[in-house]
Each structure stands twice: as structure tokens, then as C-alpha cells.
Amino acid sequence: MDEFSELENSFNQEVKNVDSPKSLDDLRVAYLGKKGKITNLFAKIKEIAVEERKAFGQKINAIKDLIENKLSELKQKVENDKIAKEISGEEVIDISLPTKKYHGSLHPRTILQKEIEDVFVSMGFTVEDGNEIETEYNNFDSVNVPKNHPARDMQDTFWLDNGQLLKTQTSAAQNRILRKYNGPLKAIFPGRCFRNEELDRSHENTFFQLEGMIVDKDVSVANLIHFMKSMLSEIFKKDIAVRLRPGFFPFVEPGFEMDATCTFCSGKGCPTCKGSGWLELCPCGMIHPNVLINAGIDPEKYSGCAFGLGFDRLVMLKTGLDDIRYLNSGNIKVLSQFGVKD
Ligand code: FA5
């Protein structure tokens, strides 16, 4: 028997033992791998007399084709067998076994979002969802920003061909949430927002906001201050004070800009807060009566307050990252430093 027939026989014997993807791969490597039997035969060509080389080469190629065809046939069979076992329940997966070491890490934004949601939920808030593709009405008109209102220019919008848009602010969910509860509510609604902005250290075209609303009888600015202060003190694990300055947004009246004690110097004054001891935190205010009316809520009966946190900026404060662009960068070296929490 020549070495080709021997090789073919031994391959046909070994094929019988293949019963898993692993044994199939071992067989492939034994014959076609870098140091496999077929590869070794090819290396032998140079030792063969010149006039016999062509025939020798043809034989190797023929047996190589045969092996490759058989291996691909087996691959299909092994996969089908595995699926059949899974379906019949013959293959039991023990879900109580420990998993492999966990290599990934949650995004710092996800970690902080979970922490903030936990704090607000513990204060009786619900967490609501918002859409990323929104109607012009929800994003603007319903929150008291009608067509031609100059405030629309403050948010350079990505418009879609169908007249809808990528939401520029989480406030786009206000109308839907107000209608859902049609009265008292305490809700937060985190979400991705989009604006056609020039990018720099603190501006992204795709960023996150975390918005909150409280509606009830006799809601006042004191409620707003209380909930924000509690949330921040919990997140930064120290007492954080907040202060309000006047601010304008068409959907709140009165409107404010809320500042918080600088988390880097605890209010003493440092380069980050430009010596003031305060960091600009978020716009907020008492919900404008028109916003309530647009959602079918009687402003004589109920009042409300709302805030719209620039969530990425809070993540930067918490992590010490000094450039917002890291957050969407997918740079695992940077993003994985902040640990896993789930
Ligand atoms: C608003 O979007 C209002 N909807 C917030 C609001 C809600 C006010 C409820 C009152 C009541 P503004 O455009 O200022 O407001 O954005 C809010 C925050 O989002 C900003 O303070 C900032 O932290 C963040 N932000 C805005 N644009 C960007 C951007 N391009 N990149 C990163 N963060 C941004």
C-alpha cells in the first residue's frame, strides 16, 4: 500500500471518532494544520525526483480535496447533531455552574445611571422611557416652544425626511408622561439626545440627559431643591449644597440654573470651579402652565417642577474624565477603569 492509501485509510478510521466540534477540529489540525500530515507531504515534494513531482503533487491535491470535503460534510453533521440534542433536551446546560471570569465592564454612564435611578426610586420616583425619534410636537410644541420660537435655535436639530426628528432633549417625553399619569407623578426619564453641534471637550452631538418631573398639588421650588440635594449627596457621598440662579426655558416659569457645591474642592474654590466653589449643574424650574394644559392637566389644580441634568457632565464630575468625547469613544482602556457594577 503506498503512503497515500495509508493516509486515506487512517483518515477514514479517525473520522469515525469525530463526535464534537472539538474532535472535528483536532482532526482538521492533524491533517491540514501547519504540521499536519498533508502539509508534511507537500514539504516532501522537493525530495522527489523532478520527473515524478507532477504526479506526486496531483496525488496530494486529490487526497487533500477528499479530506477537505469530508471535513466540511462532518462540520455540518456535528452542528446539526448539536442542535438536535438541544431541541430534544438531551444536552443539559447546568445554569448553576460558575461562568468564566467576567471580562467586560459596564460603561461609566451606565453605572452612574443605575446609581441615580436607585436613589430616585428610593424616593418614590418611577423611571420612564423616552423615544429617540420624536415628533416635532413632542420635542418642541408640547413643551411651549412653538414654530418660530427663538428657543428652537438653541438646539440645532437633526431633522428626518418624514418631518420627525432625533430628540434634542429628554423634555420631549414630558407630554407623554404627563398624559400617562394625568395628575400626581414623580418620574425621572434618562435618555440619549442629539444636536448638530461642533464637538469639543464638553459638547457631543450624541449625549445623555436625565430629566425629572414632580407634579402634585402645591409643588414648589423647595421640592426641587430637596430632591436634587438628596440625590447629589447620595451620589457623591458627601453633603452637597445647591443654589439657584435665574434662567430661561420656555417650558418652566420661573426658570433657574441650578449650581452645586464643587465636588473637587468641596466649595473652597479650585481651578475646576474657577475659584467660585460652585459648579453649574442643570437647568430647572416650575413647569409652565401651558405645558400642563397641553397634556390635559389643569394648572389651577396641579403644579409641578422639572429639571434637565446634562448627564454626561455629571459622569465627568464623578469619574474625573475631562473630555466628554471619551464617553462615546469606545476606548476600553479609558472606560473600563471605572469598574463593574451590576
Ligand atoms: C434643556 O435641554 C432642557 N430641556 C432642560 C430642562 C428640563 C430645563 C426641564 C428645565 C426643565 P439645555 O439645552 O441647557 O436644556 O440642556 C441641558 C443640559 O444638557 C445642559 O446643561 C448640558 O449639561 C447638557 N447638554 C446640552 N447640550 C449638550 C451637548 N451638545 N453635549 C453634551 N451635553 C449637552
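Keep in mind it's a predicted model, so treat the numbers as computed, not measured. Remember, it's 1-based here, ligands and their atoms both numbered in the order they're listed.
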[atom]: which protein heavy atom is closest, and how many Å away?
atom: atom 25 (N) of ligand 1; result: Phe207 CE1, 3.6 Å
atom: atom 24 (C) of ligand 1; result: Gly310 CA, 3.6 Å
atom: atom 15 (O) of ligand 1; result: Phe249 CE2, 3.4 Å
atom: atom 21 (O) of ligand 1; result: Pro283 CD, 3.8 Å
atom: atom 19 (O) of ligand 1; result: Gln209 NE2, 3.1 Å
atom: atom 31 (N) of ligand 1; result: Glu204 N, 3.1 Å

What are the atoms of ligand 1, with element, lying closer than 4.0 Å to any heavy atom of [X]?
X: Gln169; answer: 1 (C), 2 (O), 3 (C), 4 (N)
X: Ala306; answer: 9 (C), 11 (C)
X: Cys284; answer: 10 (C)
X: Gln155; answer: 2 (O), 13 (O)

Is it true that [X] and [Y] make a salt bridge, defined as a side-chain N closer than 4.0 Å to a carboxylate O?
X: Arg195; Y: Glu204; answer: no
X: Lys70; Y: Glu73; answer: yes
X: Lys37; Y: Glu3; answer: no
X: Lys77; Y: Asp81; answer: yes
X: Glu128; Y: Lys180; answer: yes
X: Lys59; Y: Glu52; answer: no

Item to check | CA sep, side-chain torsions, deciding dist, call: Tyr31, Glu68, side-chain hydrogen bond (donor to acceptor under 3.5 Å, both in side chains) | outcome: CA-CA 10 Å; Tyr31 282 82; Glu68 280 177 346; over 6 Å; no
Item to check | Criterion salt bridge (Lys or Arg N to Asp or Glu O under 4.0 Å) against Glu134, the qualifying member of Lys167, Arg176, Arg192 | outcome: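 Only one of Lys167, Arg176, Arg192 forms a salt bridge (Lys or Arg N to Asp or Glu O under 4.0 Å) with Glu134, namely Arg176.
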Checklist entry - Per the salt bridge (Lys or Arg N to Asp or Glu O under 4.0 Å) rule, which among Asp25, Asp19, Asp26 passes with Lys22? => result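 So the option named by the test is Asp26.
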Checklist entry - Can Ser23 and Asn17 be counted as having a side-chain donor-acceptor contact under 3.5 angstrom? => result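 Looking only at side-chain atoms, Asn17 and Ser23 do not form any donor-acceptor pair under 3.5 Å.
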Item to check | 4.5 Å side-chain heavy-atom contact, Ile297 and Arg179 | outcome: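 No, too far: nothing below the 4.5 Å cut-off.
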Mode of [X] contact toward ligand 1 - side chain, backbone, both, neither (heavy atoms, under 4.0 Å):
X: Phe251; answer: side chain
X: Ile324; answer: side chain
X: Ser202; answer: backbone
X: Cys282; answer: neither
X: Glu280; answer: neither

Item to check | Min N/O separation Asp312 to ligand 1 under 3.5 Å | outcome: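 Not met; the criterion fails.
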Next on the checklist: Tell me whether ligand 1 is touched by Gly255 - counting only heavy atoms on the residue side and a distance under 4.0 Å.
Outcome noted: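 Distance cut 4.0 Å: Gly255 fails for ligand 1.
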Checklist entry - Which of the listed options, Arg313, Arg195, Glu198, Met154, holds the heavy atom that is closest to atom 13 (O) of ligand 1? => result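 That would be Arg195.
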